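First the structure, in the form of structure tokens, and then the observations on it.
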Amino acid sequence: MTQAITLRLITRQAGGGEIVRTRRIDGAQALIGRDPACEIYLPDLAVDMQQARLQVVGENRVRIESLTGAPFTVDGKRVTQAELQPLRGSKVTFGAFDLLIAQGGDGDIAITVSRQEDDQGLSPSLFSLKAVMFGRRKMAWTLALSILALCLALPLAGSVLMSHLVIHPDRQWSTGPLSKAHAFLEKDCQACHQRAFVAVRDQACLSCHQAGDAARTARIDARVQRLGSPFLPLLVSDHAPHDRLVRAMPPPPTIRGRIGAVFETAMNHPSDRCASCHREHTTAPPDPAARATADILRPGKPALVVVRDCADCHSRLKMRLPATGLIDTPDWNRHPDFRPLVTTGFDGPQPRVQRVSLAARPLEANGLTFSHRVHMSATGGVARQGQVLGQGRGYGAALTCQSCHRPDGGGFKPIEMERDCGACHSLAFAQVGGQLKALRHHDMRDVAGVLRGAAPTPGAPSVDPAVLRRALAPGGLCVDCHTVRPSNGPLGGEVAPVHLADRALPWGDFNHAVPAHAGVGKGAAACADCHKAQASDRSQDLLIEGVATCKACHGKTEHDTAAAAGGQCSECHSYHQPGQAPRTGQDRLFTALGLPPGQKPRGLPTF
Amino acid sequence: MAGAQGQTQRRKTATHESFLRHRSFLFLKLATILTVGVVAAYLLQDSRPRPGGGTALGYVLGTAGALLIVWLALLGVRKRAVTDGHYSLKAWVSAHVYLGLSLLVIATLHTGFQFGWNVHTLAYGLMLLVIVSGAFGVWAYATLPKALSSNRGETTRKQMLAQLGALDEQIREAAQPLPRAEADIVRLSLEKTDVAGGFWRRLSGYYGDCANTRAIAQLAPALRAASGAHAQTLAKVEQLMRRKADALGLARRQIRITALLEAWLFIHVPATFALLAALTAHIVSVFLYW
């Protein structure tokens with residue numbers, strides 16, 4: 001006898017609980033499908049109308065085969081036909097229906113049909129974005145902690161522990177680009193920011209820029225090159241003692257500026273630091289005066305911003321520093337006339353020099369007798385001597401400025417009597433074996449030895465005291481050029497001390513090598529434009545012209561003169577190298593171009 | 001007694017006044033005065049070589065901005081505390097909105113218009129994100145609740161979903177006699193229809209590839225070819241699916257408006273936290289490398 005099939009239909013109720021209906025199928029087979037006529041009726045659209053047939057094919061053996069070719073699953077495997085043993089129990093799935101095939105009571109095959117749990121119905125929470133987004137709180141904390149880790153903790157750790165790394169996480173803290181000169185330090189924040197929570201101090205700047213002895217300079221140069229600078233740092237000297245600088249500095253002119261100063265003090269940002277004037281990490285608005293070609297080096301990097309200028313202190317310096325010897329100079333147009341350093345006399349052998357205004361027509365007591373007019377005349381005895389005697393010295397013509405004044409950089413070599421005057425003013429005093437013996441100028445040891453009657457030093461010429469007496473007497477050799485004062489000595493007179501100043505204007509730098517100063521080019525000044533030597537009969541004449549001569553070109557436009565030049569203080573005065581004119585970028589560039597390979601220029605060369 | 005009167009007073013104001021109009025735009029006026037003052041100070045300041053966070057005004061604006069940011073962020077704490085008294089939550093929100101907008105000017109002038117790829121500009125950018133998302137929130141709260149209620153009419157959200165469920169059940173029922181191919185099309189509508197979708201779908205309201213719409217389109221040729229009882233079944237199913245499309249449209253409009261109403265907060269709140277972190281990094285780093 002064939003086994004009967006008992007069908008248990010389980011229907012779940014909405015409120016929970018199940019309804020179980022049991023039906024017995026006579027016969028050895030049953031159709032499975034969506035057709036209500038099927039013995040096993042599965043009202044699911046995923047099931048075909050008559051999808052499969054279930055057959056009892058033997059003792060405890062059941063076969064299910066698809067009638068339409070549509071597969072079904074047996075214990076999770078997709079098949080189109082299967083033979084099952086109810087004793088083992090199997091789960092066959094059609095669409096959303098599970099058929100559990102097992103051994104029933106009375107030897108029947110029990111098929112339990114149940115519908116799979118429906119998905120939970122749609123919930124009103126579906127309407128909110130919360131259904132599809134991360135939690136706001138979760139996102140917020142993730143973001144905040146990530147930023148704290150990447151932007152605060154990492155750079156902190158990096159600056160302390162990992163300074164040797166290629167990546168410098170603290171670069172993200174930089175508020176702006178460094179200037180061309182300092183761009184190589186962009187990866188090394190602590191080169192300048194040496195102490196945490198303390199504004200950059202001068203010590204940091206001076207560690208690279210302090211002028212000092214050669215050993216110190218070499219150390220600085222080596223350090224800077226190790227850090228990767230393409231040039232060497234400019235070295236700076238003190239402009240004036242620090243306390244005087246602080247006193248000379250004006251308070252901010254406006255109430256707004258004063259409030260700013262109070263804030264700077266309160267925030268521990270003293271206003272007397274290098275960084276008070278030289279601002280980094282900022283891009284100032286473009287300077288209309290800067291040349292467009294100035295960006296040729298390190299293009300894109302800004303120029304160093306300097307926020308103060310000379311006039312800030314020097315326009316009313318006397319008021320704040322009454323003891324100063326300097327005259328207030330608000331601008332170039334009101335630059336006082338020159339007050340050259342004049343030798344006014346001697347205290348013993350020491351010259352007495354003081355600054356005297358040109359307006360007072362100062363005279364130099366330099367101890368010499370000399371007429372530029374006589375020496376520079378194109379005719380006359382001097383010119384004739386120049387033509388004859390000068391041939392042996394390479395000129396052989398009437399004297400010019402260059403016959404005696406030999407250029408040396410921006411200035412001139414010192415006058416040397418034997419070389420510059422000796423061709424005509426011979427110091428020869430005797431002839432020994434056809435050779436002239438000459439006194440050595442400015443070396444009075446021999447003369448003194450002779451005077452004392454002591455044995456002269458070996459090889460030194462011996463001089464007849466009578467020759468010296470003659471030389472010092474009126475009309476004598478020495479008197480040609482020297483002031484001779486009467487004395488009680490055996491010679492009856494002595495040569496007064498001589499002092500020729502190296503520079504008449506110690507705080508300004510006049511560069512004679514600049515083409516426009518050397519008579520080269522259109523509108524350029526020749527020697528005679530500034531030094532009225534050809535009209536000077538006395539060595540006491542101070543042969544420099546007033547500041548008005550400079551103003552013929554400086555502060556003028558090209559419309560006024562072809563040799564127009566700037567009227568800025570820095571044309572002649574340098575803040576950090578007092579007494580020198582700052583070297584221009586162009587000047588530095590030419591120096592850089594002329595350097596041997598491997599050597600670096602000092603300072604940033606630009607056009 | 002006086003307290004009770006105050007309560008009545010407040011309730012009245014609450015009915016008639018939005019947070020934007022609170023106390024005749026008191027905080028708008030305050031914020032305007034603040035903004036004008038800040039702009040004037042910026043224009044009058046003497047800052048060489050250029051304005052920025054490191055000048056006197058820069059420090060003032062920076063401090064004010066940072067305190068303002070912290071106070072604005074505290075709204076998140078304040079709104080959770082139910083209190084009564086003079087400084088109602090509405091006053092807080094009103095001040096939050098107007099002072100938050102003035103922060104835009106304060107912080108921008110604090111930067112001195114100096115921006116770069118650094119942590120400082122990151123903080124500024126996050127602040128912009130917070131302010132812009134907040135401004136969107138103000139617009140959303142001012143306009144969308146009306147749209148939300150006019151869209152749903154008398155229907156609640158629960159009812160909308162219940163209707164969709166009921167329609168699905170009817171479609172399933174009606175489609176039972178259909179052969180496999182057509183039943184599969186109907187199953188597309190029943191099983192593959194996504195009512196809401198993801199973030200962008202909700203915000204854009206675009207459901208062009210909706211499974212129900214596709215099912216309707218795919219059923220059309222069969223409907224034209226069918227006859228007799230089969231045609232009747234198909235027509236019924238199709239009609240039910242069209243009703244489902246209408247119900248879906250209503251629910252999705254509701255979802256879109258809700259998304260617009262909520263989306264800004266998903267930016268505003270996390271960006272605020274990110275801003276507080278970036279602000280901390282900004283302040284610490286600036287003073288560390290002074």
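Below, read A as the first sequence line, B as the second, and so on, with proteins coming before strands; counting in each chain starts at 1. All values below were derived from every heavy atom in this structure, side-chain atoms included, with hydrogens, water molecules and symmetry-related copies excluded. Predicted, not measured: the structure shown is a model, and the values here were computed from it.
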> Ignoring hydrogens and geometry, is there a side-chain-to-backbone donor-acceptor pair from B:Arg172 to A:Pro43 under 3.5 Å?
Replying inline: no
> Where do B:His120 and A:Ser174 come nearest, in terms of heavy atoms and distance?
Replying inline: CD2-O, 4.0 Å
> Shortest non-hydrogen contact from A:Trp173 to B:Val119?
Replying inline: CD1-CG1, 3.6 Å
> For B:Leu265, is it the side chain, the backbone, both or neither that has a heavy atom under 4.5 Å from a heavy atom of chain A?
Replying inline: both
>> Looking at every heavy atom in both A:Arg34 and B:Ala175, which two are closest together, and how far apart are they?
In response: NH1-O, 3.5 Å
> Is a donor on one side and an acceptor on the other found under 3.5 Å between the side chain of A:Asp48 and the backbone of B:Arg180?
Replying inline: no
>> Measuring only between side-chain heavy atoms, which start at C-beta, is B:Leu126 closer than 4.5 Å to A:Leu143?
In response: no
> Is the shortest heavy-atom distance from the side chain of B:Trp117 to the side chain of A:Gln172 under 4.5 Å?
Replying inline: no
> What pair of heavy atoms forms the shortest contact from B:Val284 to A:Phe197, and how long is it?
Replying inline: O-CE2, 4.3 Å
> Within a reach of under 6.0 Å around CZ of A:Arg258, are more than 12 heavy atoms found that belong to other residues, nucleotides or ligands?
Replying inline: yes
> For the residue pair B:Leu122 and A:Cys151, what are the closest heavy atoms and their distance?
Replying inline: CD2-SG, 3.9 Å
>> Do A:Thr175 and B:Tyr289 make a side-chain contact, defined as non-hydrogen atoms from C-beta onward lying under 4.5 Å apart?
In response: no
> Does some side-chain heavy atom of A:Leu45 sit less than 4.5 Å from a side-chain heavy atom of B:Leu178?
Replying inline: no
>> Quick check: do B:Phe287 and A:Met267 have side-chain heavy atoms less than 4.5 Å from each other?
In response: yes
>> I'd like to check B:Tyr59 versus A:His269 (side-chain heavy atoms, cut-off strictly below 4.5 Å). Are they in contact?
In response: yes
>> If I measure from the heavy atoms of chain A, does B:Gln114 come under 4.5 Å with its side chain, its backbone, both, or neither?
In response: side chain
> Which atoms form the tightest heavy-atom contact between A:Ala144 and B:Ala277, and what is the distance?
Replying inline: O-CB, 3.3 Å
> Between A:Leu156 and B:Leu288, is any pair of side-chain heavy atoms under 4.5 Å apart?
Replying inline: yes
